[in-house]
Amino acid sequence: MPPLPLLALILTFLLPALAEVGQERGQRQRQGREQRGEQFSESLTLRPLLDGKVHTRFAFEFSAGAESGTGREGQLADGDEDGDGDGADAALHTTLLPLSLTQLLRTYDARELHLSLNAGKWDALRWGNPSGALRTGGEMWAWFAGESALAEQEQGKEGERVNAGEGEGSPWQGLTNGLAGLFCASLSSQTVQRTTEPLHAFRPEGDLPSHPGYRLFHAAFPSESVCTENLTPFLKLLPCKSRAGIAQLLNPHKVFSADWHGVGVHVLWKNDTLGLGGRTELRLEVNAVFDPVRVSGKRDWSLRTLFDRSITRSCPAASSSLLKVHMPTGSASGHLLSPPLETLLTDGVPEVVYDLSQVSEDVDISMRWEEDKFDHSKAQFNPPELSIRRSLKGSSGPSQLSVILSNTLPIPRRVLYVETLPWFLSLYLHTLHVQVSGVSRDDLIQSLSYLPPVSPKPTLLELTLLLPPQSEVHITMQVEKGFIRYTEHQPDASRGWDLPAAVVFPLPPLGAKDSHSLPDSAEGSQQRIYSSTLLVDLPTPDFSMPYNVIIMSSTLVALFFGHVFNSLTRKFVLLKVDAVEPEKKAEGS
Amino acid sequence: MSSISRLKSFFKPSAGNDKHVARLQRRKRIYTSIGRVSPYLQLACYLIGILWIFAIPLTELGKGTYVDENALQPGQVSTYWDWAEVHAADRFLVVLEGMREANASHQERAAWLKTKFLELGISTDTQAYTFSTSFGEVHGVNTYAFHSSPRTSGAEAMIIAASWTSLTGDPNLRGVATVLALAGFLTRYTHWAKDLVFVISDGYQDGMEAFLSTYYGHEPKTLSVQPLTFDSEVVWTALSIDYPGHSFSHLGLFFEGLNGRLPNQDLFVCAQVIARWTGGVPVILHNTLDELRPDIPMPDWLQWSGAAGNWVWREIVNRRALKEWEYRAGNVAEQAGWMATGRASGVHGVFHQFRVDAITLFARPATGPHGFHSLGKLTESLLRTMNNLLERLHASFFFYLLSSPSTFLKIGSYLPCSVLIGVGCMIGGLRGYVDLGWERWYSQKANDTKWLKRPRRLMEGVGALSAVASVGAVAYLHASSRLFAPMLAATSPLPLLPVILTFSLLPPFIVLLRPDSKATAPLAPMVKTCLLFSLALLIAPLSMLNFPLSLFFALLAIPLSLINPSSGLLPFLLLALLNPAMLLLFQNGRDAIRIAVWDWQVLGAYALPLACLIWMPLVWVAQAVCIIQE
């Protein structure tokens with residue numbers, strides 16, 4: 001008998017049995033993990049947008065309780081609490097949480113971490129303002145155990161980490177380097193130039209342990225992009241990689257051709273209600289905004305057309321695996337979702353939820369619209385409640401940074417406006433003016449904190465403003481562009497310098513309790529509104545010219561030196577010169 | 001004696017054996033001989049400078065154009081613009097033509113354009129603007145659309161523009177239709193690294209000036225304008241599309257910007273390469289066809305000259321090299337004309353002041369064979385090339401004179417002619433300055449002449465020059481007043497005659513009001529010396545900034561520097577002919593001045609202040625030199 005048919009025969013009989021065994025084992029493992037407090041759930045939310053685009057949000061959520069260890073508050077689910085320094089071994093106890101990430105966080109005592117890498121410009125008018133990081137480029141912020149917290153910790157540890165700042169060897173630098181390595185992102189090259197320590201913004205989204213002295217570091221990398229090399233290590237953190245579950249849909253070819261796309265990593269610590277232990281929550285996100293209209297002229301989409309893939313099996317490690325489709329409202333033409341399912345109302349949003357924890361055949365979900373062609377002119381956009389526009393004006397001389405904050409609600413809003421500028425842009429605070437429809441309203445500034453730039457650290461400006469109802473508040477500031485040193489110019493083509501996006505945080509009204517903390521949105525992360533990034537032209541030498549410049553300036557110096565040297569070393573004597581009888585006297589003779 | 005030994009003896013005089021004495025004597029001799037030859041040196045500078053001007057169009061001085069910036073890669077992409085897009089443009093055109101027939105208002109046109117952009121799914125808005133000028137108010141409504149390109153950070157943009165009025169004065173309907181069709185077509189692609197901004201500006205250059213002033217936050221006081229509803233981004237390159245006719249035969253490239261600014265030559269060369277190789281459209285400079293003039297037949301009255309005349313006619317007048325020279329001279333002259341007058345040759349011209357490199361693609365009206373298909377295709381490819389840019393166009397490609405679409409003159413090959421004339425002025429000035437410090441004194445007793453030092457009247461000379469020149473401010477205020485503007489509309493020069501006479505004859509007489517002075521040195525040569533210095537200091541630096549303008553002043557400097565001090569009324573009157581006020585005598589001149597006033601008040605083109613504050617005063621000072629009597 002030839003070997004191949006034999007093998008096929010054996011497989012035909014064996015495979016179903018193996019699969020069953022595998023499934024059973026998966027379920028058993030899942031139950032085991034849940035008992036240990038580790039959980040993994042995944043969800044995909046599809047949100048048809050008003051302009052025919054589709055916003056897809058993949059969320060992979062891990063959670064691990066700390067009570068399995070000896071329960072030091074805030075420590076990431078590990079057993080390294082007995083002070084014996086065997087943290088590395090204890091870290092191996094995690095089964096679902098990605099080891100490479102948790103190890104990194106534990107090494108540097110980061111209690112909360114947010115990292116996002118996005119490409120594209122978020123169009124708040126058309127796509128709304130969902131919570132989460134919608135900043136163009138890279139952003140990273142983390143809460144660390146500060147000096148006092150560290151000191152406490154060092155009682156049980158060797159005093160190896162005393163540098164709690166942001167410089168070389170600090171935890172922040174270490175974490176940036178580690179994450180840069182983990183996600184193949186060039187975060188570490190300019191950490192010092194980008195890092196700020198905001199006083200009011202970026203409050204922790206989870207809970208911090210009760211020790212005082214936690215420090216926040218924040219850095220924005222506006223020119224950092226995101227591509228396949230970032231997604232591949234990202235997928236490796238998932239228990240099923242991209243082989244099963246909704247992560248199967250993450251086809252780099254499609255995701256990275258979307259109008260807007262990005263990945264995010266969020267680690268939080270949540271206290272238990274009893275206040276005894278807590279949980280570490282890790283959320284990995286992929287966001288993308290697709291444009292089916294550009295491809296077909298219609299709004300119709302399906303998982304197949306969006307991702308060029310479908311879900312063929314479920315991830316056995318996931319405790320829940322959901323696919324949610326937000327049903328569009330207020331659209332004139334009808335739409336059909338297939339396979340049809342009952343529409344539920346969650347938080348006022350009609351949505352259809354598919355459970356993908358048991359997938360027996362290829363899952364493809366599609367939405368069809370009853371129209372031949374999408375009519376752009378019929379799309380009605382509602383201006384977002386709060387929006388920010390920012391631009392840098394002036395082609396020569398001092399530039400003007402002009403920011404427009406608009407509040408469309410009929411009530412006044414308090415907001416925190418955070419601006420970070422690289423050190424070579426000096427902001428003139430005395431030129432800071434606030435205007436509402438042409439009338440100066442400097443009284444709208446409720447508080448201001450400003451960190452002047454000290455090369456190479458950036459400027460940080462945090463303004464608390466009260467936006468009058470239904471108004472556009474214009475903030476203008478003069479900005480002076482500085483000269484940067486020859487070696488500080490980037491080695492690549494001089495596109496200019498990207499300025500990180502400004503951020504606006506909505507604040508609760510002044511009367512509310514604890515007016516400094518930022519409100520959480522429904523999805524657990526603070527609402528932040530980002531402006532677009534800006535490009536600033538600095539005076540740039542023509543680097544093809546240094547040779548000419550060197551020759552020119554050397555010649556000038558030589559001429560000057562020769563002249564001075566000649567005059568200084570010359571001996572002046574009186575000479576009797578016979579008249580040559582010139583026809584005309586010349587000066588200087 | 002051989003020439004070498006003669007030279008040796010010149011530099012090594014035998015007198016004295018002290019080498020220091022010999023050196024001083026040598027120096028004295030050299031100075032003396034320089035002083036002796038300086039008038040000839042000055043004339044030689046003038047002569048070589050003028051001859052050089054005639055050499056500029058020679059093929060030998062030109063150089064083939066090339067692309068310097070490697071990132072641009074012109075014409076290396078597949079284009080997708082096809083007949084469906086041409087059809088879309090045609091459909092837009094039907095409505096646009098209807099609006100022209102119906103004489104639609106600015107607002108109606110803008111509203112229609114806005115709906116079209118909305119239907120294409122691009123954010124759009126309109127912008128009304130009003131310039132107040134001495135001729136009255138200039139109104140208009142711009143329409144702009146902003147496409148945020150997928151995956152980009154939205155920090156950079158490219159502007160694709162069409163003005164409602166073409167540079168020919170006709171409505172630029174097909175240009176507008178092309179931009180609309182491009183907006184629908186280009187936004188279907190995801191390969192744009194920069195955002196796309198489409199602007200249909202009203203009027204000719206005024207609409208774009210209003211748009212860009214707002215975009216860059218530089219609104220002049222004379223402009224009231226609505227703010228833009230999207231954020232300004234960094235723009236490196238922009239295109240303006242001008243297609244006024246029914247079809248076109250050649251693509252004319254217009255590149256001269258306001259106040260003599262030029263776009264980077266790379267952009268021009270890319271447009272030329274792409275039009276030729278991707279679009280298959282022949283490229284011309286401006287609106288001049290690249291054809292040599294036909295042979296001129298020998299006129300009848302020269303027939304008597306026989307064989308010799310025939311030879312002259314065949315070998316010189318109808319020589320190919322001469323025709324080539326004429327063609328190139330025409331091109332250079334047109335570029336020089338735009339630059340020297342500071343006018344922009346198209347809508348692209350208002351971009352340059354904001355450091356945006358821009359050119360106008362002008363579809364030269366003809367009966368065929370090209371239309372939307374070739375124009376859209378080459379525009380698409382050109383935009384892809386602009387999209388390739390990784391950094392602002394910077395290589396030193398801003399100094400050039402284009403003698404034909406594919407040849408140009410480098411700065412080194414044209415700059416010397418105006419610099420030489422400037423040097424001539426400087427030599428003349430220095431000679432005058434030295435001469436004024438010495439006086440030949442004849443002693444009867446010794447029957448001998450002696451050179452004595454005398455004080456120069458430098459401050460008086462500078463004072464006279466400044467006094468005369470400051471009248472220029474009066475001329476400027478008058479020219480930009482609401483009083484002067486309606487007078488320009490006159491068809492005969494008669495109502496302007498008082499103005500012409502006042503400004504061409506009276507101001508130099510200010511020098512007669514000077515206080516008496518006991519000084520022995522004459523004043524007129526001092527004033528002339530100051531004039532020569534100012535000319536030299538004006539011409540040489542200006543040649544780097546705006547070569548044609550500096551050449552204009554160089555040519556003006558030659559007659560001004562050759563006048564004799566205190567030479568009387570005839571040269572005074574002849575000089576008055578060089579005054580720009582004389583332009584008012586002619587219909588063309590009046591039109592030119594009207595354009596200059598309008599351009600200054602709306603666009604900030606410097607022709608008017610230049611004529612009133614520099615050109616006129618220079619002539620007045622020369623006139624004053626004629627009439628100062630000692």
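On a predicted model such as this, the values are computed, not experimentally measured, just so you know. Every chain is numbered from 1, with letters handed out A, B, ... down the list of sequences.
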Side-chain donor-acceptor contacts of residues 223-230 of chain A below 3.5 Å, not counting sequence neighbours, with atom names and distances?
residue : atom : partner : partner atom : Å
E224(A) : OE1  : S186(A) : OG           : 2.7
E224(A) : OE2  : S186(A) : N            : 3.4
N230(A) : OD1  : C227(A) : N            : 2.8
N230(A) : ND2  : F183(A) : O            : 2.8
N230(A) : ND2  : C184(A) : O            : 3.1

Review point. Hey, which of A119(A), S494(A), A379(A) has the most heavy atom pairs under 4.5 Å with chain B?
Key: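 Highest number of heavy-atom pairs under 4.5 Å: S494(A).
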
Between [X] and chain A, which part of the residue has a heavy atom less than 4.5 Å away: side chain, backbone, both or neither?
| X | result |
| --- | --- |
| L24(B) | side chain |
| L389(B) | neither |
| T124(B) | neither |
| L212(B) | neither |

Review point. Are the side chain of D231(B) and the backbone N or O of R389(A) linked by a donor-acceptor pair below 3.5 Å?
Key: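 Side chain of D231(B) to backbone of R389(A): no pair is present.
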
Non-hydrogen atoms of [X] and [Y] that approach each other most closely:
| X | Y | answer |
| --- | --- | --- |
| E156(B) | L535(A) | CG-CD2, 3.5 Å |
| R188(B) | R294(A) | O-CD, 3.0 Å |
| R126(A) | S123(B) | NH2-OG, 3.3 Å |
| S391(A) | S232(B) | CB-N, 3.8 Å |

Other residues, nucleotides and ligands only: do more than 12 of their heavy atoms fall within 6.0 Å of [atom1] on [X]?
| X | atom1 | value |
| --- | --- | --- |
| D372(A) | CG | no |
| Y40(B) | OH | no |
| K410(B) | NZ | no |

**Study point:** Most contacts with chain A, counted as non-hydrogen pairs under 4.5 angstrom, among E233(B), R151(B), R392(B)
**Key:**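 That would be R151(B).
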
Exercise for review: Just give me the residue among T152(B), I34(B), D195(B) that pairs up with chain A most often, heavy atom to heavy atom, under 4.5 Å.
Suggested key: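 Highest number of heavy-atom pairs under 4.5 Å: T152(B).
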
Practice item. Give, for atom CH2 of W236(B) and atom CG of D537(A), the distance between the pair rounded to the nearest 0.5 Å. Key: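 Reported to 0.5 Å precision, the distance equals 7.5 Å.
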
Check your understanding: Atom CD1 in I122(B), atom CG in D51(A): separation rounded to 0.5 Å?
Key ->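 Going from CD1 on I122(B) over to CG on D51(A), the span is 12.5 Å.
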
Point to revise | Audit row: H376(A), F117(B), side-chain contact (heavy atoms from CB on, under 4.5 Å) steps and yes/no | key: CA-CA 9 Å; H376(A) 285 284; F117(B) 279 122; over 6 Å; no

Review point. Does some side-chain heavy atom of S257(A) sit less than 4.5 Å from a side-chain heavy atom of T190(B)?
Key: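 They are not in side-chain contact.
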
Is chain B contacted by the side chain of [X], its backbone, both, or neither, given a heavy-atom distance below 4.5 Å?
| X | value |
| --- | --- |
| A501(A) | neither |
| T136(A) | side chain |
| F374(A) | neither |

Exercise for review: Report the residue from S148(B), S153(B), P150(B) that forms a side chain to side chain contact (heavy atoms under 4.5 Å, CB included) with K121(A).
Suggested key: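 Of the listed options, the one satisfying the test is S148(B).
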
